[in-house]
Visitor: 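Got a structure here, written out as structure tokens. Questions coming.
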Amino acid sequence: MVQWMRWGLMAVSGLALLPLFVLDIMVGAYGIGPVTVLKAVIDGMDPIFHVPHDAYLVIWQIRLPEALASLILGASLASAGAVLQGILRNPLASTYTLGVSAAAGFGAAIAILLGAGYVIKYYLPVITEPYLVIIGAFIAASLAALLVYFLSFIKGASPVTIILAGVAVMFVFSTGTSLIQYFSGNPDVSHAIVMWMLGSVTNVTLNYIPYMALSLLAIPYYILISWRLNALNLGDDVAHSLGINVRNTRLAAMLVAAFQAAVTISFVGLVGFVDLVIPNIARVLVGSDNRYLIPASALMGADITVLADVVSKTLIPLYVIPIGVVLSMIGAPYLLAIIISRGARYGYE
């Protein structure tokens, strides 16, 4: 692909992010105009417009944290997915492949089971101590990443070994989560676990955003080592001939991607398809060169996730559908379309 076309696609994705972000803050049961949104955001830093108090609270307490969380979530998971698919030379690689998502669900389930402060409100279980659940999910997800790393290290860090180790770890933690739900003896606990695993940004607060934003630091790291990642795309023998330590590079990139996903998933619950579908779409549009693929995936992931948050609040009036469900509804048809349109021509040769 011509280089200016790649930059053009990334520019379009970047420019689309601002109107989508503003739209995400506008829509909901409490309608807010775009001018009010901009004034309220400015008032949060310097109160010069004196936006009505109710609109100000809705924007700063609910809408802005949700929009920021959606943006960070999409950019982080999509860039992590692009890296994983490249280093494992498998277009189906994702955080699920490494068992990170399943482990996060297991950690959250343990925290909820041990009484991480859930109460029944409006006949639904509501988590009142979210940081305990976040910490539990992050510790378990990190443990899964280290476990896959260890298994891969002792048996050789080949793509097949890493994928098999990740799948094994995924089934172990998924089984653990199922057993917790089965033996909890409390339907409210099971319901709280299920609701967390659906993935939602509605419970995110501004206090969470700086922690979630740490995951974005991985993106410049990926771009910095993009030439090594490109060499791995060509095969281990080619990478060796270029003087690259294939094993260390692959394992280091895998760990960074896994921790990147763990940081975001721990705050919002399980969200799928972003790290699987978006890199596949970006690869079709900009090619496999990681200098362009990673930033393009991050921008497109942010766009799609923010758009999914808009859809989650407007698809069914007066109801907010979990963003994880919406992303699955968007992602599955896209993936099928790519498979049907490209067929055997798609993938790593």
Visitor: So L232 and R250, do their side chains get closer than 4.5 Å, heavy atoms only?
Guide: yes
Visitor: For T97 and L92, which heavy atoms make the closest approach, and how far apart are they?
Guide: OG1-O, 3.5 Å
Visitor: Is there a path of hydrophobic side-chain contacts, each under 4.5 Å between heavy atoms of I/L/V/M/F/W/Y residues, joining L84 to I225?
Guide: yes
Visitor: Would V167 and V148 show up in the same hydrophobic cluster when neighbours are defined by side-chain heavy atoms closer than 4.5 Å?
Guide: yes
Visitor: Would you say the side chain of Q61 lies within less than 4.5 Å of the side chain of Y56, judging by non-hydrogen atoms?
Guide: no
Visitor: How long is the straight-line distance from OG of S288 back to CD of Q85, given to the nearest 0.5 Å?
Guide: 10.0 Å
Visitor: Give the C-alpha distance, both sets of side-chain angles, the deciding distance and a yes or no for side-chain contact (heavy atoms from CB on, under 4.5 Å) between L23 and V27.
Guide: CA-CA 6 Å; L23 179 63; V27 299; 3.8 Å; yes
Visitor: Any non-hydrogen side-chain atom of I87 less than 4.5 Å from a side-chain atom of P159?
Guide: no
Visitor: Does the side chain of V325 come within less than 4.5 Å of L198's, by heavy atoms?
Guide: yes
Visitor: Is there a chain of hydrophobic side chains (I, L, V, M, F, W, Y, each step under 4.5 Å between heavy atoms) that links V204 to V310?
Guide: no
Visitor: Considering all heavy atoms of both residues, which atom of S79 and which atom of I219 are nearest to each other, and what is their separation?
Guide: OG-CG1, 3.6 Å
Visitor: Would you say the side-chain atoms of Q260 and Y221 include a donor-acceptor pair closer than 3.5 Å?
Guide: no
Visitor: Got a sec: does the CZ of R228 have more than 12 other heavy atoms crowding it under 6.0 Å?
Guide: no
Visitor: Which pair of non-hydrogen atoms, one from S266 and one from A262, has the smallest distance, and what is that distance?
Guide: OG-O, 2.5 Å
Visitor: Report yes or no: do D275 and Y96 form a side-chain donor-acceptor pair below 3.5 Å?
Guide: no
Visitor: Hey, what do you get for CZ (F267) to CG (N207), rounding to the nearest 0.5 Å?
Guide: 10.0 Å
Visitor: Which distance, rounded to the nearest 0.5 Å, do you find between the CD1 of I323 and the CE of M329?
Guide: 12.5 Å
Visitor: Could you tell me how the ring of Y292 sits relative to the ring of W7: parallel (under 30°), tilted (30 to 60°) or perpendicular (over 60°)?
Guide: perpendicular
Visitor: Work out which heavy atom in I278 is nearest to a heavy atom in G301; give both atom names and the distance.
Guide: CG2-N, 3.6 Å
Visitor: Would you kindly confirm whether L206 and V22 end up in one hydrophobic cluster when ILVMFWY residues are joined by side chain heavy atoms under 4.5 Å apart?
Guide: yes
Visitor: Distance only, no hydrogens: is a donor on one side chain within 3.5 Å (strictly under) of an acceptor on the other, for T202 and E66?
Guide: no
Visitor: Taking M195 as the starting point, is it possible to reach I316 by hopping between hydrophobic residues whose side chains are less than 4.5 Å apart?
Guide: yes
Visitor: Any chance you could measure I134, atom CD1, to W196, atom CH2, to the nearest 0.5 Å?
Guide: 9.0 Å
Visitor: Under the 3.5 angstrom rule, does the side chain of N290 hit a backbone N or O of L293 as a donor-acceptor pair?
Guide: no
Visitor: Are side-chain heavy atoms of V201 and D309 found at a separation under 4.5 Å?
Guide: yes
Visitor: Judged by atom type as modelled, is there a donor-acceptor pair below 3.5 Å linking the side chain of T175 to the main-chain atoms of F171?
Guide: yes
Visitor: Report yes if some heavy atom in the side chain of S200 is under 4.5 Å from a heavy atom in the side chain of V268; otherwise report no.
Guide: no
Visitor: Taking all non-hydrogen atoms of both residues into account, name the closest pair between L270 and M197 and its distance.
Guide: CB-O, 3.3 Å
Visitor: Check the pair L216, S76 against side-chain contact (heavy atoms from CB on, under 4.5 Å), reporting the backbone distance first and the verdict last.
Guide: CA-CA 6 Å; L216 298 177; S76 297; 3.5 Å; yes
Visitor: Rounded to the nearest 0.5 Å, what separates atom CG in L255 from atom CG in L98?
Guide: 9.0 Å
Visitor: Less than 4.5 Å apart, side chain to side chain, heavy atoms only: is that true for L251 and F150?
Guide: no
Visitor: Taking it one step at a time, do Y149 and I162 satisfy side-chain contact (heavy atoms from CB on, under 4.5 Å)?
Guide: CA-CA 8 Å; Y149 178 93; I162 293 174; over 6 Å; no
Visitor: Measuring from T264:OG1 to F138:CZ, what's the distance to the nearest 0.5 Å?
Guide: 10.5 Å
Visitor: Kindly indicate, with the supporting measurements, whether the criterion side-chain contact (heavy atoms from CB on, under 4.5 Å) is fulfilled by K313 and M26.
Guide: CA-CA 10 Å; K313 293 181 287 187; M26 290 169 51; over 6 Å; no
Visitor: List the atom of V306, the atom of L20, and the distance in Å for their closest heavy-atom pair.
Guide: CG1-O, 3.5 Å
Visitor: R6 versus L285: any side-chain heavy-atom pair under 4.5 Å?
Guide: no
Visitor: Are side-chain N/O atoms of S70 and T305 paired as donor and acceptor at under 3.5 Å?
Guide: no
Visitor: Between Y208 and N203, is a side chain to side chain donor-acceptor pair (under 3.5 Å) present by the stated rule, with each step listed?
Guide: CA-CA 10 Å; Y208 297 176; N203 294 320; over 6 Å; no
